[in-house]
Amino acid sequence: MIAPPPSGPVPYAEELALGLLADMLRVRRLEEKSAELYGAGKIRGFLHLYVGEEAVAAGAIRALEPQDNVVATYREHAHALLRGMPMGAIMAEMYGKQEGCSRGRGGSMHLFDASTRLYGGNAIVGGGLPLAAGLALADRLRQRAGRVTACFFGEGAVAEGAFHESMNLAALWRLPVLFCCENNLYAMGTALERSESQTDLCVKAAAFGVHAIKADGMDVVAVHEAAARGRAQVAAGDRPCFIEFLTYRFRAHSMFDPELYRDKAEVAQWKTRGPIHTYSARLKAQGMLTEERFLEIERAAQEEVAQAVAFAEAGTWEPVADLARDLHTPEGQ
Amino acid sequence: MIAPPPSGPVPYAEELALGLLADMLRVRRLEEKSAELYGAGKIRGFLHLYVGEEAVAAGAIRALEPQDNVVATYREHAHALLRGMPMGAIMAEMYGKQEGCSRGRGGSMHLFDASTRLYGGNAIVGGGLPLAAGLALADRLRQRAGRVTACFFGEGAVAEGAFHESMNLAALWRLPVLFCCENNLYAMGTALERSESQTDLCVKAAAFGVHAIKADGMDVVAVHEAAARGRAQVAAGDRPCFIEFLTYRFRAHSMFDPELYRDKAEVAQWKTRGPIHTYSARLKAQGMLTEERFLEIERAAQEEVAQAVAFAEAGTWEPVADLARDLHTPEGQ
Amino acid sequence: MSRISYREALRLALRDALAREPRAFLIGEDVGKYGGTYAVSKGMLDEFGPERVRDTPLSELGFTGIGIGAAIGGMRPIVEIMTVNFSLLALDQIVNTAALYRHMSGGQFSVPLVIRTSSGAGRQLAAQHSHSFEAWFAHVPGIRVVAAASIEDARGMLWPALLDPDPVIVFEYPALFNMEGECPDAVAVDIRSAKVRREGAQVSLITYGASLPKTLEAAEQLAREGIDAEVLDLRVLRPLDEAALLASVRKTRRAVVIDESWRSGGLAAEVMARIIEGAFYDLDAPPARVCSEEVPVPYAKHLEDAALPQAGKIVAAAERLVRGAGA
Amino acid sequence: MSRISYREALRLALRDALAREPRAFLIGEDVGKYGGTYAVSKGMLDEFGPERVRDTPLSELGFTGIGIGAAIGGMRPIVEIMTVNFSLLALDQIVNTAALYRHMSGGQFSVPLVIRTSSGAGRQLAAQHSHSFEAWFAHVPGIRVVAAASIEDARGMLWPALLDPDPVIVFEYPALFNMEGECPDAVAVDIRSAKVRREGAQVSLITYGASLPKTLEAAEQLAREGIDAEVLDLRVLRPLDEAALLASVRKTRRAVVIDESWRSGGLAAEVMARIIEGAFYDLDAPPARVCSEEVPVPYAKHLEDAALPQAGKIVAAAERLVRGAGA
Ligand SMILES: Cc1ncc(C[n+]2csc(CCOP(=O)(O)OP(=O)(O)O)c2C)c(N)n1
Ligand SMILES: Cc1ncc(C[n+]2csc(CCOP(=O)(O)OP(=O)(O)O)c2C)c(N)n1
Ligand SMILES: [Mg+2]
Ligand SMILES: [Mg+2]
């Protein structure tokens, strides 16, 4: 039994309202192109797509400030893009070109960007949680008030000891971390109820004395509201906050996943709650979006993707002689 | 503000009532002698005493059945003794003699006894938790209904990822584990409120969907009642149970601890709740114990200790040639 | 004898183990409903049920420890740690409980545990997913470590590992999963000994795991150049089959050790030390190592290729030894 | 120059670091109120306050990861992992985040982190508390590993470690804590190089950490027997100071490597391999290893002594090499 599709008027002015739509569309088109390029052998390794979950990154990242830190997982193209990384740098990274954000060393799972304070991309489930708490501790110690570290992770990570230790430490030391749990109900093929004795993750988080918020992760408005509220609480300096975004991935876990663990019907049902079409329907219903405008946004996204691919194609390979470069920090840096 | 000393009539028949007293006294005398022998250089390495906490092991272990498994920590002399291991085998182990339960390889922190189903002694904080869940899983899979695995651990272990993972797995798979948290308020020098954002450990446990019981760990009756209730619930086959025994250690963490982290006054206050004198006072008040009988029990404990020391003194050293013995299981075993 | 893939060989071995040993069960992330990350356990949930093919949450420390406890409790668990990269999270339980338990308890308890895990790079999975930590496990007394580099071993190592009363860690290699070859029908692999995969007289190429095919390829290439190389597959990484190792080196008087782990402190270092201790006076030249470069394994294909041992480098090292560029 | 203990030297180094570098803070279990497990940080909570001397719950993975994050965030954390035994719980963060981060991000971020931990056996703490895992850390590219075997190093290694922009792991040795000796007032230890602790001509005794005093003792004994041994303290375990290593061996033409870790795959194996690769033709005899026996370290004193390297065994190994019992 899934909830009905998100509905009702979007309570934002046009810029934000359409900005959120554009964000989701840009992510969707990027992901679709990535899948295509994976098929073509241009992208290799592991590739985890965010299709279906766009509302989470779109709504949450718009609630952050430029000075905030972002920590993400291996399913982080959206976070990188919406945080402001050029799509070309993402695409080039997935191509393994040195124009990629991580010089082609990281690929899809390791997007990093110092300039937008994106601290990766992490292929170890739960691995980013202590890192986020540490960034927050540095901010606390250096008295950088008003900076929040947003840490995105899947609901699968909640079972890891790293979650428990990080939540406790962040709560105990009142660190400015916004824990953003992307609960898409599955960790690879493992459904939430087969991984947690307590499936209400807010109950788990609340047991650390942390404020816990549940939000419909298919509704970009609900996400944005929850994230803004959560961020404000954290920035107020009191303690960390945990948000569970209920979402769903429409595609396989990665490009290798035969999806034996869930019904096509279940996926179809969740697609009725798809974050992009339900949101644009709402915007249209309230007269904030015309079909023409929609197509314009769509075309812009496609154009951006095409340029990103062109950028990646034109990119160059890091010389093999540079293999050990950046293993250590050069003197004087 | 600590609670007043345990009081009121002891609701047990004489055998159990005095048995509990004898158990606590035996532990106390063993611990005191161990401290003395440590000073004399007969016992070496790390030595963690249970003085002050006797009611927990005494009350809880009497609630177990012979078929149950016990997993403990490095502060486990009491558990070994009360589970039925001869005191001589414990003492010889601490002497490093081959007559010790672990042939002198383990010392104070690694008491093992297959015959009483004592699965150690573990010097890694939290290390016994997954082990206990695994023993319980084996029982479940081999359909050994009615066997419970009691796992003792300090409140310090609650912060470890191992606690979180083990609790979740045990609850998720409904394993017959009785989690016995010995909350003596300190993990070495770290007070509970400096290690947990949520200091009510029952709230933490309950968040796993596990039944959680809080008991006065200085009151052997309260401990025994809680443990019996917890064990019965677990044995009923439904799910694990968590009990928090509120207790206090009267001595230093180990023989190296200068105890800079707590006041003498605090210790003195807790001593007013000492499990042995408050309990014997109650027994005397209700006419179940005479001073004469008390001295008899006391003498028996002292005699047992003296014999254990004699046994250890008379023990022999494992030949150096046997160093690699038991590294692997011999063929056909 | 039939032609199967390495993956299929692993699958057959696992199915067999579960069918023959009622106390055996498979436990790990996505071994059941997902069908196994590498499809090795596909179909087994249906065949054996959820008690014997047990999906776990993401809790490497926890479920590995549970496997250890279940082994002590009388079961024969097969713990699958999806990849060796994640085994770091479980290392405390493996070292401090599984490996020490029997000795430290004075022989009271055995831990009949099998851990299967997959290792190695070569699929552009980048730094965090391309580790080779065989050497770390092989350092720890109390456990046996084996590495399946062939279809025969993929098929035949699990059963003897399961019969072992003490912990055994079986390394499997995704880089080899699609390799096909002949597999004998009845396989009884001896998990106590190394195996000569190609006889030769002039240089011993010593390796294990995913580097075996590359090493065999190098041997072919060397043969075309008139150099007769022997290829020794270590197979047992702990305890090393020192006799086989020394026998080969004494015969050829030259050795190249090929190891996908980082050079410093990788398994190759131990092999070098054993050769030196046991066959110093038999050597015509110092043994050489071909290992991974000492950098995190990069994603980009050309960089990853450059970071790992390759047939070309093995050939070059062997040539240097045989043709003798001196010291 | 003043006479102090190794413990006091560590204490002075730590106090100094916190006083001189405002971004530095100490974080770990019981570093504050308890006064440090080994009293190294005693009094520092009062002096520097709870933000700079931060007690943590028992959460090795968590607080090590937090140290890493804080380093990336601009601080200079000194993470104390009470003993190397517990570092296994934190290994994932150390390897998969700290060590890889800079390379994997294409050089965007550095991790100026110091981890201090204590290592080794010899105090009858039994199997779980007597580990030596220096070799494991020394295997990982992206980190520097140093071992303080002398009072001078205990006093002088922390500051340069703190200045290093990349992760440094400092090993300290409880077995040496009560050792006393002269300590120069101004100590600037070079954490890039090994150090000859005793000059000698006939055999190189190569070691690190808690085995150094035993090795020096062995050298004395050998001197009395007329054997002139050189003692090389490796000090930097990653990257190894290969030049110093080879220089010593080329001079003496014989080497014994002494290492408290288990023999197979311990640091000594790597040292053996380097010697063989770099100085094969300079050797008069095969280098030898004196390591711990390959068993969990037992509690009983006589068994523990038997399990560890001792001066007697070092002397015997050196004698065999010099007097030559052949291969
Ligand atoms: C520590 C660790 N264990 C296992 C894996 C393999 N793995 C990669 S993604 C994944 C599922 C994670 O699920 P979740 O956290 O819910 O994130 P999602 O993929 O659904 O976004 C698993 C098991 C890993 N990368 N790291
Ligand atoms: C994983 C690990 N970290 C640190 C230690 C060092 N240590 C030993 S006992 C202890 C305190 C444990 O406190 P608690 O769990 O409350 O048990 P208690 O000693 O109070 O009985 C610590 C930090 C350890 N043994 N294992
Ligand atoms: Mg998920
Ligand atoms: Mg405690």
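Quick note on labels: first sequence line is chain A, next is B, and so on, each numbered from 1.
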Among residues 122-132 of chain B, which residues come closer than 4.5 Å to chain C, judged by heavy atom distances?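 The residues closer than 4.5 Å to chain C, in numerical order, are Asn122(B), Ile124(B), Gly127(B), Pro130(B), Leu131(B).
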Report, by ascending residue number, the residues of residues 79-99 of chain B in heavy-atom contact with chain C at a distance under 4.5 Å; give 'none' if the set is empty.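 Contacts with chain C: none.
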Contact class of [X] relative to chain B, heavy atoms under 4.5 angstrom:
X: Ile143(C); value: backbone
X: Arg54(C); value: side chain
X: Thr56(C); value: both
X: Thr97(C); value: side chain
X: Glu51(C); value: both

Compare all side-chain heavy atoms of [X] with those of [Y] and state whether any distance is below 4.5 angstrom.
X: Met104(C); Y: Arg105(B); value: no
X: Gln108(C); Y: Asp113(B); value: yes
X: Arg142(B); Y: Arg23(C); value: yes

Nearest heavy-atom neighbours spanning [X] and [Y]:
X: Pro57(C); Y: Leu169(B); answer: CD-CD2, 3.3 Å
X: Leu327(B); Y: Arg102(C); answer: O-CD, 4.5 Å
X: Gly106(C); Y: Arg103(B); answer: O-CD, 3.4 Å

Would a distance-only check, ignoring hydrogens and angles, find a side-chain to backbone donor-acceptor pair under 3.5 Å from Asp166(C) to His328(B)?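 Flag not set: sc Asp166(C) to bb His328(B) has no pair under 3.5 Å.
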Between His103(C) and Leu323(B), is there a donor-acceptor pair closer than 3.5 Å when you use the side chain of the first and the backbone of the second?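 Yes, His103(C) side chain to Leu323(B) backbone: donor-acceptor pair under 3.5 Å.
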In terms of ring plane angle, is the pair Tyr119(B) and Phe109(C) parallel, tilted or perpendicular, where the classes change at 30° and 60°?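 Ring orientation, 0 to 90° scale: tilted.
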Region of [X] in contact with chain C, defined by heavy-atom distances below 4.5 Å:
X: Arg325(B); answer: backbone
X: Leu135(B); answer: both
X: Asn168(B); answer: side chain
X: Leu111(B); answer: neither

When heavy-atom pairs shorter than 4.5 Å are enumerated against chain B, which of [options] gives the highest number?
options: Leu58(C), Ile72(C), Ile66(C); value: Ile66(C)
options: Arg144(C), Gln93(C), Arg52(C); value: Gln93(C)
options: Asn96(C), Ile68(C), Asp164(C), Thr64(C); value: Asn96(C)

Quick one: pull up OG in Ser166(B) and CZ in Phe63(C) and give me the separation to the nearest 0.5 Å.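 The CZ atom of Phe63(C) is 12.5 Å from OG of Ser166(B), to the nearest 0.5 Å.
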CG/Leu61(C) to NE2/His164(B) distance, rounded to the nearest 0.5 angstrom?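 Here the rounded value is 11.5 Å.
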